[in-house]
Amino acid sequence: QDFKPAVIFDLGGKFDRSFNQASFEGAERFKEEFGVDYREFEIQSDAQREQALRRFAQQGNNPIVVAGFAQASAMEAVAAEFPDTDFTIIDAVIDLPNVRSVVFKEHEGSYLVGMLAAMASESGTVGFVGGMDIGLIRKFACGYVQGVKAVNPDATVIQNMTGTTGAAWNDPVKGGELARNQIDQGADVVYHAAGGTGRGVLQAAADNGALGIGVDSNQNYLHPGEVLTSMLKRVDVAVYDAFKDAQDGNFSAGVQVLGLAENGVGYAVDENNEDLLTDEMKTAVEDAKAKIISGEIEVHDYTTDDSCPVS
Amino acid sequence: MKSMPRWVDLFLIPAINVFLAFLVAGLVVMFIGEDPLHAMRIMIQGSLGSDYGIGYTLFYTTSFIFTGLCVAVAFHASIFNIGGEGQAGVAGIGVAIVALTLDQTHWLLVLPLAVLGAGLFGAAWAAVPAYLNAKRGSHIVITTIMFNYIAAALLIYVLNTYLKVPGSMAPESRRFAGGAHIPRLDQMAEWIGLELTRTPANISLFLALLACLLVWLLIWRTRFGYELRAFGFSEPAAVYAGMAPFRIIMITMLISGALAGMMAINVVLGELQRLNLDSVQGAGFVGIAVALMGRSHPVGVILAALLFGVLYQGGAELAFEIPAIPSQMILTIQALVILFTGSLENMVRFPMERLFLFLRLRKEAR
Amino acid sequence: MSVAEKTAGQPETAAPSAPAIELIGISKAFGPVQANKDISMQVARGTIHGIVGENGAGKSTLMSILYGFYRADKGEIRIGGVPTQIHNSDDAIRAGIGMVHQHFMLVQNFTVLENVVLGAEDGALLKPSLAKARKLLTELAHEYELEVDPDAVIHDLAVGFQQRVEILKALYRHADILILDEPTGVLTPAEADHLFRILEGLRREGKTIILITHKLREIMAITDTVSVMRRGEMTATVKTADTSPAELAELMVGRQVLLRVDKKPAQVGQTLMQIRGLRVTDRDGIERLKGIDLDLRAGEILGVAGVAGNGQSALLEVLGGITAASGGSVTLNGQALDLTAHADAGERREQGIAHVPEDRHRLGLIMSFSEWENSCFGYHDRPQYQKSRLLMDRRAMRDDAREKIEKYDIRPPSCDLAAANFSGGNQQKIVIAREVESDPDVLLVGQPTRGVDIGAIEFIHNEIVHLRDQGKAVLLVSVELDEILGLSDRIVVMFDGRISGERLPSETDQNELGLLMAGIDPKEGAA
Amino acid sequence: MDLAELFQLFDSTLRNATPLLLACLAGLFSERSGIFDIGLEGKMLAAAFAAAAVAAWAAAPYVADPFPGQLSGLGLGWTAAILGVLAGIFASILMALLHGFASITLRGNQLISGVAINFLAAGATVLIGESLFSMGGQTPQLSGNARFSGLDLPLAETLGGIPILGPLYRDVISGQVILVYVALLAVPLTAWVLFNTRFGLRLRAVGENPGAVDTAGVSVVRMRYSAVLIAGILCGIAGAYLSMGTSAAGFVKDMTAGRGFIALAALIFAKWRPYPALGACLLFGLLEAIGSKYQNVDIGLFVIPVQFMQALPYILTVVILAGFIGKAIPPKAGGVPYVKER
Ligand SMILES: Nc1ncnc2c1ncn2[C@@H]1O[C@H](COP(=O)(O)OP(=O)(O)OP(=O)(O)O)[C@@H](O)[C@H]1O
Ligand SMILES: Nc1ncnc2c1ncn2[C@@H]1O[C@H](COP(=O)(O)OP(=O)(O)OP(=O)(O)O)[C@@H](O)[C@H]1O
Ligand SMILES: [Mg+2]
Ligand SMILES: [Mg+2]
């Protein structure tokens, strides 16, 4: 039986330079390394979720990796129908014997970039632009604010959400406008968790002498020297690992929670931003990272109780 | 006086137009470097070639029938309701409330109540624009556009605040329990001993067909339909005939909104079995195209909805089979179909009319 | 001075070498409809040439071809003897042709000046054109008695003035040939007389005029020659002096037509409707009716004369339940009518008031509805048309429509055709049939024969008289004094929202009514 | 709220309003001529894409022998941006001509044509973009010469000292992207053309009564095509502004995000008149600016939900429309094909 991995991207598409792109990159890396081709599908509408999953499963694809919490209920239905297929879902938890659920501790990564933001900020005001006001994005925001406040309890964090329709994830014009608003109000570092909208956020920051912070993938290269860092969410690793484990026959179901300890989240340092991060900043962040891993610092996860201790 | 036989008008010309649309779409597929005939085969096969494909096609068709009827009914009264998107979205809340409350009972109880809930919420969302139009003369196109945006905001708020599962990141309600699961077509087929592949197509299809029948009755057989059409053609004349514009606008929009709302039965209750943010997925806008192409006639709406269902499902298959063809290809093909069958249709009609006139004159001469 | 007297002095223009207009073998089909069949016609320079024919005979089509609005399928046009290609109106204008269309071609929200200048501007900028036009307009107005306020907006102007603008448009473009398509259909007699004076002036200047009209009186009074059209063909062209109205009517319709109303003396009964102090203020806050007192009695036709815009329309609409009154009272059979905005036209119909509206296109019919759907329009909620609480009884509606078609000789006799496919006269018959057959106590009729050919006029007049003879009351509003005088048993004249006088038809004439319509009461003046 | 904050709000308003205004004026020309245009969105989107794609290509350095996937461009200077705008206009005009062909020449349904154009633009931009750049339909991020940056008007700093007006000039008026000024200038220009030229007179007439224009010897078809073409140009600039003049700095699929519909709303709001159109677009821009600036309003008792603030512009539009505007009467012949013979 030949090995036929498949990946399904969520609305937004594999080139969103963010979340989906990260899963795409993971799959690509696997393909490059092992020369194994994979099937892929970009979701266009809700009804296609189940359809795509079932189809891939029927055609004998295995493992099947899907990214995005919105896929959860579809996965729940389909995975039960195909007990011999290995499934992986990212950003949601499904309790089935053939499903691996990968969730990330975005709040931990966001905490670290929040600290960096607070340290890089001269004005004591930083910004956050989210795509839509939903739990996941609040989780990013809440971790970020905690990080900022940890460094500078008096800091102000301006938070904005882009919109209420699907367009919110693809509206760089609005994203840029929100970022400019925040910069006008004194923010000099702006973090985004807004998919395609973030492109405008980073550009506005670069244009107006502020620093941007990328998300999901490493976005530092977009504006070298003007993106402070990126909050990495190693979706690519999750995808890669799922493929690899299945290939090696090591696929394991169950919940994987990837936080700082597992290197599932983190902040990006590369040649594009090394001048922006001082040693002092790095030490402080690494220190916090160690403490979070050890449990000494506990970063609150918004989605556990739908509230954030700081704002 | 008609210059062409009816079958030419109703079937031949649309068929030629669809053909032309696909011809151009084929060129686009070639531009991408794929074989258009192969692509075409996949689309047809994938949407109509198996019970699986047909199931999905019918599922999409059901939604489009509802949103198409929504636009069509209002159109007969000369009201351009482009708020189907919002009305269907808000109706989802109504369905969710019913289903979440009663999902320990039986679908035979849930379905009628959910229809009621969807209808009420959809109608309510159409009521404000209707009222403002009828009483204050607000332009219904603007207000319904605005209400689409407001609906999106309301939906997030309701999901975040009331319906979301605590501790979940997703703005979704919990999944409805089995008591609220309405029968899918494959399940219904099982009742009569037929085995079909599982697809989301569900009993709402029959609801949609029933709605078509009712709309047809409403518009061409009832007194209100008579008034609605009269009002649509001429408001002063309607007033002269003793009809009340306020009443007509309100009732029409309530019906229109309720019809859009029915879409939530198909999607929220039938397919998703939970409420999420984007259950409507643009079907409200597709409904405009469906109504326009279907000439606002229920039968036309069914056919146009079916065509769009085929495009959606066939398009998904295309994307499965030929990953090089991006999903936007479907959007492009849809655009071409709308263009050729809708606004460019005279390209075929005019020569056709001349042809038939010529044939007739020749026959008369002989 | 009447038109006839003026015409006595014939124009002294020399016989022109070539006819001003020569149409040779013109054919035009609209899809399957052959509107013009191989039509040839000559019009001599400096003459007024009349064209008559039934509704839908193809008169407007022929003239629109000459004006480049439609393109002929076959045939040749010669202007002043020169074969001329007329592909569009621009070509026609260049050839010196101007046309006043049956339905005015004016931009309603433009000023007079803007309408005149449109298409004939002098340069890319508007200002110089407008200034020049203003000057020329004053001159033209002076020369031809065509005064209009150049800055008035069209929709504020009475139809008569709108028509002047159309004529000015043509003259502004130096038209030598002027086509007028049913110009008097919407004019009062005074306005029509004025128009004819203008036409005479133009003829004197050597201009050539083609006049389409349904009114044979006008043909006889002013034209030099007249052509008759029937079903797309030119059936005759005669010198006006050599013919008679009866002959023309017969040529048009193909049978003898009675040109005057034949009615018995009225059997007047009790007062059916009593109107007291009726006031109406329109949406713009203008008071249209300023206190009307009227009694309408059974078995009589009460004619309301007046220049358009003096409140007759408002009177019909308020009585018909379309608009609300701002004051006063109306009783019907002793019962007060609800004159507030709560009442609607349906209620009035239930109370026995039927209404033939002045504008059949705008109010009376739904053009895209089939004949049978129009045939119960306004009465659609009557029990005989219902199958159940919700459903209508289509069979009953059609049967009913067929009966009316038969009884009223509506042609073509098909109840499935859309109203738009009937000629104006037959459309009017549909409305009349519907309202008369509803068996009302009071019939309100506005402009019952506007734009209708003489065959149909005869029929419609007979129906109205017939209703009266059944003991019903008829309130007839018309700008046609002939019609008012011929039909009414009693005449009131409206001026500026008030009744300016009441007369018996036997004791008055057009002159006296004309004065009353202008707000002058000759009797009071004498007293 | 202090003055600086107010000016920031205005500044944002101006940027928000620019694409709306251009699209709104585009709609004004088209609809004044009697051609309904719900395809503003699609035209803008097509233009945004074409502008970004061409600008990116024109500004990219020339590479003699590019490796697969590498973009070899023209290496142009500031002309790259101009080229981009022209490309945007061109793309938008193509769409406009399609609309014209469907609704003028073929006398088809204008609403359907508009809907089709919106779909077509949404699909084709990504399709073409993907085959050109293989970035999922996005264009490369624009930088430097490929995009517009703020233009400092003369004396901005000098006059900045004058109370109120100085900062207003310096912070709001000055420093905008050139296309913002183009949009603002388009308003008086439109008004002038509409009410002071022969073209304007005919344009207004053809939307009210095409028969009158026809019988006056003016070609209805030509007038309407001109109008549709102008609409194409204006939408082209609007689209170019979105992808080249804002922080988007490039094309992202569906990036017009409903602005075409808002522009349409503004047009109706303005009752098809140029200066009110400016007012309406500024109002929408301001509402959007307020909605995004004050998202988290805590009024003591409770926190107003973000969603309410986000919906506020739309709610206010409805309220204003219901309260103050009255009936908007469109050009009389709007939406109806000019048919002489049936
Ligand atoms: N625009 C049109 N499209 C199609 N058919 C038309 C059109 N105008 C007129 N016709 C046809 O041409 C015939 C002649 O119409 P036309 O308007 O010339 O009559 P007419 O003699 O002017 O009538 P009327 O006295 O009522 O004005 C009609 O019977 C009709 O069938
Ligand atoms: N656009 C059209 N398409 C088809 N038939 C038409 C059209 N316009 C007119 N007709 C036909 O032309 C005939 C006369 O039309 P026309 O408009 O001249 O009526 P009319 O008698 O002049 O009405 P009115 O007196 O109210 O102006 C009718 O039989 C009608 O069916
Ligand atoms: Mg005529
Ligand atoms: Mg006529």
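Just so we're on the same page: letters track the sequence lines, and every chain starts at 1. Since this is a predicted model, take the numbers as computed values, not measurements.
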When you look at [atom1] of [X], are more than 12 heavy atoms from neighbouring residues, nucleotides or ligands closer to it than 6.0 Å?
X: D:Leu86; atom1: CG; answer: yes
X: C:Arg173; atom1: CZ; answer: yes
X: D:Phe90; atom1: CZ; answer: no
X: C:Tyr144; atom1: OH; answer: yes

**Prompt:** Between C:Val107, C:Asp122, C:Asn115, C:Leu130, which residue shows the highest count of heavy-atom pairs closer than 4.5 Å to chain D?
**Reply:** C:Val107
**Fill in**
Of C:Ala92, C:Ala170, C:Gly123, C:Ser64, the largest count of non-hydrogen pairs under 4.5 angstrom with chain D goes to C:Gly123
**Fill in**
CD of C:Gln108 to NZ of D:Lys332, rounded to nearest 0.5 Å, is 5.0 Å
**Request:** Kindly compute the distance separating CD (C:Glu114) from CZ (D:Phe195), expressed to the nearest 0.5 Å.
**Result:** 9.5 Å
**Prompt:** Where on D:Asn196 is there a heavy atom nearer than 4.5 Å to chain C: the side chain, the backbone, both, or neither?
**Reply:** backbone
**Fill in**
Comparing D:Gly200, D:Ala333, D:Ala216 against chain C, the one with the most heavy-atom pairs below 4.5 Å turns out to be D:Ala216
**Asked** Under a 4.5 Å heavy-atom cutoff, which of D:Thr197, D:Thr215, D:Asn209 has the most pairs with chain C?
**Response** D:Thr215
Interface moiety of [X] toward chain D, non-hydrogen atoms closer than 4.5 Å:
X: C:Phe69; answer: both
X: C:Leu125; answer: both
X: C:Asn88; answer: neither
X: C:Tyr67; answer: side chain

**Item:** Beyond-backbone contact of C:Leu118 with D:Leu201, side-chain heavy atoms, under 4.5 angstrom
**Value:** yes
**Prompt:** What's the shortest heavy-atom distance between C:Met105 and D:Ala212, and which atoms?
**Reply:** O-CB, 3.3 Å
**Item:** Closest approach of D:Arg204 to C:Leu126 (non-hydrogen atoms, all atoms of both residues)
**Value:** NH2-CD2, 4.4 Å
